[in-house]
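Order of the sequence lines sets the chain letters (A, B, ...), proteins ahead of strands, with each chain counted from 1.
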2 protein chains.
Amino acid sequence: MAGIRERARAEVVAEIVRLARVQVAESGAAALSLRAIARDLGMVSSAVYRYFASRDELLTRLIIDSYDRLGVAAQAADDAVRRRGDFAARWRAIAAGIRQWAVDNPAEYALLFGTPVPGYAAPLDTIGPASRYTGVLLALLADVQAGGRVPSDAAANLPQQLLVDVAALCGRLDLAIDDDLLAAGMVAWANVMGAISLELFGHLHNVIDTPCSLFEAVVVEHTGRLFPGTAAPIS
Amino acid sequence: MAGIRERARAEVVAEIVRLARVQVAESGAAALSLRAIARDLGMVSSAVYRYFASRDELLTRLIIDSYDRLGVAAQAADDAVRRRGDFAARWRAIAAGIRQWAVDNPAEYALLFGTPVPGYAAPLDTIGPASRYTGVLLALLADVQAGGRVPSDAAANLPQQLLVDVAALCGRLDLAIDDDLLAAGMVAWANVMGAISLELFGHLHNVIDTPCSLFEAVVVEHTGRLFPGTAAPIS
DNA sequence: TCACATACGAGAGCAGTGCTCTTGCTTTCG
DNA sequence: CGAAAGCAAGAGCACTGCTCTCGTATGTGA
C-alpha cells in the first residue's frame with residue numbers, strides 16, 4: 001500500500017525542495033523564504049510548516065542534497081577514468097569534477113563551503129552526506145596504497161602533529177592508507193577546495209584572468225607529490 | 001574649525017560601526033540589524049539612515065575596515081621579523097599572522113572570505129583595502145626578487161596560462177617580480193587562504209584534531225618552494 | 001460501516017526586519 | 001538675522017519566520 005496520503009506528502013515535500021533549490025540558485029541561501037515558496041506553491045505560508053518545522057530544517061535538507069550531488073559528481077568523474085587505472089588521471093579527474101560541479105552550481109557550493117549560517121550548527125545529519133565526496137578521494141588513496149606504492153619523502157617536511165592527527169583519523173575511519181600518504185592527500189584536498197573557494201567567491205577578480213589556471217596549478221602540483229613519477233604538466 | 005556638527009557626526013558614525021562590528025562578531029553578518037543598532041544607540045531606526053543610506057552601505061564599511069585590520073595584522077607580522085632579513089621567516093610570519101587574525105576574528109574573516117552576500121556586488125571601494133594584505137605578500141616577493149634570487153624550477157610544472165595571467169597582473173600592478181616567482185606566490189597565497197577557510201568554516205571537524213597542523217603543512221610546503229634552500233620543517 | 005484520530009490547509013496574528021516619508025527642531029552659514 | 005541644511009522622531013509599508021486556532025478531509029480500528 002503506497003498510502004495515498006504518504007505519496008501526496010512526498011510529492012509536496014519534493015516540490016518544496018525543488019522550489020527552494022531554485023530560489024537558492026537565483027538569490028542565494030540567505031534569501032530563502034518559506035513564504036515565497038508557499039506562494040509559488042499556491043499555499044498559505046503556515047501550511048508549509050506541516051512539511052518542514054523551520055527554515056533551518058529546510059536549509060539542512062538542501063545542504064544534505066547538495067552534498068549528495070557533489071558526491072555523485074565526484075564519483076562520476078572518477079568512474080569516467082577509473083578503468084584506465086591511472087592514479088594521477090583519476091586524481092585530476094576527481095578534482096576537476098569537484099570544481100566543475102562548483103562552477104555549475106555556485107549557490108549550492110556556497111551553501112556547503114561558504115560562511116556557516118550564524119547560530120546554525122550543522123546537524124549531525126549532514127556529516128554522512130558530507131563525507132561522500134571526500135570518500136571518493138579516500139578511495140583513490142586506498143587504491144594507491146593497495147597498488148603497492150613506494151613510500152616517498154613527501155612526509156619529510158610535514159609537521160609531526162599533522163601525522164598524529166592523520167593517524168587518529170586513520171584509526172577512526174579504519175583506513176588502510178599510510179599516514180604520510182593520507183596527510184599529503186589532506187593537504188591536496190585542502191588546497192583544491194581553497195582554490196575553488198577563492199575563485200567562486202570572487203577573490204581572483206582582477207588578479208587572475210583565467211581562474212582555472214590557478215586551479216590547475218594546484219592540481220598539478222599535488223599530482224607530482226601524490227603519485228611520484230606520473231606528474232605531467234597540463235598546458 | 002573642527003565643526004561641532006561634523007565632530008558629532010563622526011562620533012555617531014564611529015559608534016554605529018562599533019556596535020555593528022560587535023553585532024557581527026556575536027551573531028554573524030547575516031543578522032546585522034540596523035534597528036537593533038538604533039536601539040542600542042537610543043535612537044529611532046530611521047535616524048540611522050542619516051548616517052548610512054542602507055544596510056549594505058554599512059556592511060561595505062565593515063568590510064573595508066576588516067580588510068584594513070587584516071592588512072595591519074599582516075604588516076605587523078612581517079615587521080616583527082623583517083629586520084632579520086630571512087625571507088622564509090617572513091613568509092611564515094605573514095602567513096601565521098593572517099591565520100591568527102582570522103582565528104581571533106572569525107566573523108570578520110567570514111565577512112571577507114565567506115559567501116558573498118547575494119545581490120551584493122562588492123563595491124569598488126573595497127578593492128583598495130583588499131589589496132593591503134596581499135600587498136604585504138607582494139612586498140616580500142619583491143624583496144626576494146631584489147635580493148637576486150636564483151631562478152628555480154618552480155615554474156616547470158605550472159600551467160602556461162597561469163604564467164600568462166601572472167604576467168598580465170605583473171604589468172597591471174607594475175611589479176618587479178619574475179613571472180614564475182609571482183605564480184608560485186599566488187599558489188602559495190591561495191593554499192594558505194584555503195586552509196584557513198576550511199578550518200574556520202568547520203570543515204576540519206572530526207577530520208583533523210589540530211587544524212593548525214594542516215595550516216603549517218601548507219606553509220612549510222611553500223616555504224621550500226618559494227625560498228629554495230631555506231626550508232626547515234616546523235615540528 | 002461507523003466513529004475516532006490524525007493530517008491538512010486556511011486564516012489571523014505576533015514580533016521582527018529594511019526602508020520611506022513627513023513633521024518639527026536645531027545648528028550652521030550667508 | 002533669516003534662510004538653508006542637518007537631524008531625530010514617528011508613522012507607515014511590505015516583507016520575514018513562526019504560532020495558534022479552526023473547520024475539513026482523510027485514513028484506520030472496532
Side-chain angles (χ1 to χ4, degrees), chain A residues 1-17 19-24 26-63 111 115-121 123, chain B residues 1-17 19-24 26-63 111 115-121 123:
Chain A
M1 275 312 116
I4 295 214
R5 211 162 204 172
E6 281 178 41
R7 288 186 73 93
R9 182 179 179 86
E11 273 177 32
V12 174
V13 166
E15 188 64 5
I16 289 176
V17 170
L19 290 173
R21 189 173 304 282
V22 170
Q23 215 178 93
V24 166
E26 284 175 353
S27 325
L32 179 64
S33 158
L34 282 189
R35 287 185 113 110
I37 292 176
R39 273 193 301 273
D40 288 356
L41 226 76
M43 283 204 295
V44 87
S45 75
S46 60
V48 178
Y49 285 84
R50 295 275 171 200
Y51 302 92
F52 290 94
S54 69
R55 183 177 173 276
D56 274 5
E57 197 176 295
L58 177 55
L59 260 180
T60 299
R61 168 63 182 267
L62 291 181
I63 290 176
L111 195 60
T115 313
V117 178
Y120 169 84
Chain B
M1 275 309 118
I4 294 214
R5 211 162 204 173
E6 280 179 41
R7 288 185 73 92
R9 182 180 179 86
E11 274 177 31
V12 174
V13 166
E15 188 64 6
I16 290 175
V17 169
L19 290 173
R21 189 173 303 282
V22 169
Q23 214 177 95
V24 166
E26 284 175 354
S27 324
L32 180 65
S33 159
L34 280 190
R35 288 184 114 109
I37 292 176
R39 273 194 300 273
D40 289 356
L41 226 76
M43 283 204 294
V44 87
S45 75
S46 60
V48 178
Y49 285 83
R50 294 271 166 200
Y51 302 92
F52 290 94
S54 68
R55 185 177 173 275
D56 274 6
E57 196 175 297
L58 177 54
L59 259 180
T60 300
R61 168 64 181 266
L62 291 180
I63 290 175
L111 196 60
T115 314
V117 178
Y120 169 84

### Task
Could you check F52(B), Y51(B), Y49(B) and say which one makes a side-chain contact (heavy atoms from CB on, under 4.5 Å) with L34(B)?
Y49(B)
Let me know the distance between [atom1] of [X] and [atom2] of [N], rounded to the nearest Å.
{"X": "F52(A)", "N": "dC8(C)", "atom1": "CZ", "atom2": "P", "value": "13 Å"}
{"X": "L59(B)", "N": "dG18(C)", "atom1": "CG", "atom2": "P", "value": "10 Å"}
{"X": "L58(B)", "N": "dT17(C)", "atom1": "CG", "atom2": "C1'", "value": "15 Å"}
{"X": "I37(A)", "N": "dG9(C)", "atom1": "CD1", "atom2": "C1'", "value": "17 Å"}
{"X": "Y49(B)", "N": "dA9(D)", "atom1": "OH", "atom2": "P", "value": "15 Å"}
{"X": "I16(A)", "N": "dG17(D)", "atom1": "CD1", "atom2": "P", "value": "13 Å"}
{"X": "D56(A)", "N": "dG17(D)", "atom1": "CG", "atom2": "C1'", "value": "10 Å"}
{"X": "M43(A)", "N": "dG17(D)", "atom1": "CE", "atom2": "C1'", "value": "16 Å"}

### Query
From the list dC8(C), dG9(C), dG18(C), which nucleotide is the closest neighbour of the side chain of R5(A)?
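So the side chain of R5(A) is nearest to dC8(C).
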### Message
Looking only at the side chain of S46(B) (C-beta and beyond, no hydrogens), which of the listed nucleotides dT17(C), dG10(D), dT16(D) gets closest?
### Response
dG10(D)
Look at [X] and [N] and indicate whether a side-chain polar atom (N or O) is within less than 4.0 Å of OP1 or OP2.
{"X": "R39(B)", "N": "dT17(C)", "value": "yes"}
{"X": "R9(B)", "N": "dC7(D)", "value": "yes"}
{"X": "R50(A)", "N": "dT6(C)", "value": "no"}

Using a heavy-atom cut-off of 4.0 Å across all strands, would you classify [X] as base, sugar-phosphate, or nothing?
{"X": "Y51(B)", "answer": "sugar-phosphate"}
{"X": "S45(B)", "answer": "base"}
{"X": "S54(A)", "answer": "sugar-phosphate"}
{"X": "L32(B)", "answer": "sugar-phosphate"}

Evaluate the side-chain proximity of [Y] to [X]: yes if any heavy-atom separation is below 4.5 Å, no if none is.
{"X": "L32(B)", "Y": "L62(B)", "result": "yes"}
{"X": "Q23(B)", "Y": "L19(B)", "result": "no"}
{"X": "R61(A)", "Y": "I16(A)", "result": "no"}

### Query
Which heavy-atom pair separates S45(B) from R35(B) by the least distance, and what is that distance?
CB-CG, 3.8 Å
### Task
Would you kindly check whether a donor in the side chain of S33(B) faces an acceptor in the base of dG16(C), or vice versa, at under 3.5 angstrom?
no
### Query
Can you find an N or O donor on one side and an acceptor on the other, under 3.5 Å apart, linking the side chain of R35(A) with the base of dG17(D)?
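Answer yes: a donor N or O sits under 3.5 Å from an acceptor.
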